[in-house]
Amino acid sequence: MTLLSSPRSGGPPADRYPPGSDAFPHRGLLGIAGLAPHEILFLLDEAEQWVELNRQRHKRVEDLAGLTVINAFFENSTRTLLSFEIAGKRLGADVVNMHAAQSSVKKGETLIDTAMTLNAMRADAIVIRHASSGAVRLIADKVDCPVLNAGDGQHEHPTQALLDALTIRHAKGIFTGLAVTICGDILHSRVARSNILALTALGADVRVCAPPALMPEAIEAMRVTPFHDFDAALKGADVVMMLRLQQERMQGQFIPSPREYRHLYGLTPDRLALAKPDAMIMHPGPMNRGVEIDSTVADLVGRSAITTQVEMGVAIRMACLDVLTRKARGVVGWE
Ligand code: NCD
């Protein structure tokens, strides 16, 4: 078994994290909660080689050849599913996508039965997206292979936070002291939660901004500064991350109207001028142009990192699939 069977870019600095599998001792990736800062950095560093590979004409290695990755998506997704599929294929794995609409879930099968079925098919890694917070852990407890959380309800979306961190690192170099403003539906957003956990762990100064109805109670406990006034939250920001209103998770009326919402919380060119002159603009997608973000801002060349986020997403997912299957592949140092 080879440790390095694909083109590598010199490798990450060895003194940042413990040697061998101690660098990332977890069986799966269920969330950012529970990860040490050096473990987050390890995944970011591992992703760099895949960023490089993905920029080549030939984008495939054979590290995961013969392994089966199942993407079990119980909730709609475009970019995350595609990103995991491309990541698995570029690593040489056989990738199978299971959409809930085509599965027995619609016929009333319990989540545990679905998990046991996936397990019996001897998947080597299972990527799960589910509308219920905690569903991914439930499945992870029932299967023998590593499980990666691709978004569970309002809970966590760890690969999104990792790809966002990698995007920020590419643009800004460091996290310490960086003012990151996350604005939108903080209450229902797993992206906000995972990003808060990752960015505070890495030393960024995170501000969250939302209308009172869309701000979780006691959010200060997550070591962030809450704002209801978007202008105030933007002052001096290095990074502005905009989030969609998660209508599908709202029961009842949370905002007066999209027009009113844009007026108070939409990122417009005028508002952006309150942030640092080189502040970068981020959005995990899907975007509602003209609601939380204006097109002129979303497409601002040199400032908007939205397409870079998508690019980093593939590299991060490759890093996660690679690292989490190392033990099963008998990679030296991961036994
Ligand atoms: C996010 C998600 O699904 O949580 N999207 C994504 O993964 N790219 C954010 C969202 O749906 O608003």
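Since the model is a prediction, treat every value here as computed from it, not as a measurement.
Aromatic ring centres of Phe254 and His188 lie closer together than 6.0 Å. When ring centroids are compared, His263 and Tyr261 stay outside the 6.0 Å threshold.
A donor-acceptor pair shorter than 3.5 Å cannot be found between the side chains of Ser83 and Arg79. When only modelled atom types and interatomic distance are considered, Thr68 and Arg122 share no side-chain donor-acceptor pair under 3.5 Å. Of the N and O atoms on the side chains of Asp22 and Tyr17, not one donor lies less than 3.5 Å from an acceptor on the other residue. No donor-acceptor contact under 3.5 angstrom links the side chains of Gln160 and Asn195, judged on distance only. Judged by distance alone, the side chains of Thr167 and Gln309 never bring a donor and an acceptor atom under 3.5 Å apart. Counting only N and O atoms by type, the side chains of Ser295 and Arg289 include a donor and acceptor under 3.5 Å apart.
Salt bridge Asp322/Arg326: present, at least one basic N to carboxylate O contact under 4.0 Å. Between Asp185 and Arg249 there is no salt bridge, since no side-chain N of the basic residue sits under 4.0 Å from a carboxylate O of the acidic one. Using a 4.0 Å cut-off between charged side-chain N and carboxylate O, Glu75 and Arg190 make a salt bridge.
Pairing each heavy atom of Leu202 with each of Pro37, the nearest pair is CD2-O, 4.1 Å. The two residues Arg317 and Ala87 make their nearest non-hydrogen contact at CB-CB, 3.7 Å. Scanning both residues, Leu324 and His26, for their nearest heavy atoms gives CD2-O, 3.5 Å.
For the pair Tyr265 and Ile255, the minimum side-chain heavy-atom distance is 4.5 Å or more. Looking only at side-chain heavy atoms (C-beta outward), Leu44 and Phe175 come within less than 4.5 Å of each other. At least one side-chain heavy atom of Leu67 sits less than 4.5 Å from a side-chain heavy atom of Arg329. Put simply, the side chain of Leu272 does not reach to within 4.5 Å of the side chain of Leu234, judged on heavy atoms.
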**OP:** Run the numbers on Asn149 and Leu29 for side chain to side chain contact (heavy atoms under 4.5 Å, CB included), then give the verdict.
**Re:** CA-CA 6 Å; Asn149 182 359; Leu29 180 69; over 6 Å; no
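Heavy-atom contacts from other residues, nucleotides or ligands closer than 6.0 Å to CZ of Arg137 number 12 or fewer.
The line from CG of Leu82 to OG1 of Thr78 is 8.5 Å long, rounded to the nearest 0.5 Å.
Lys172 contributes no side-chain N or O that, together with a main-chain N or O of His170, makes up a donor-acceptor pair within less than 3.5 Å.
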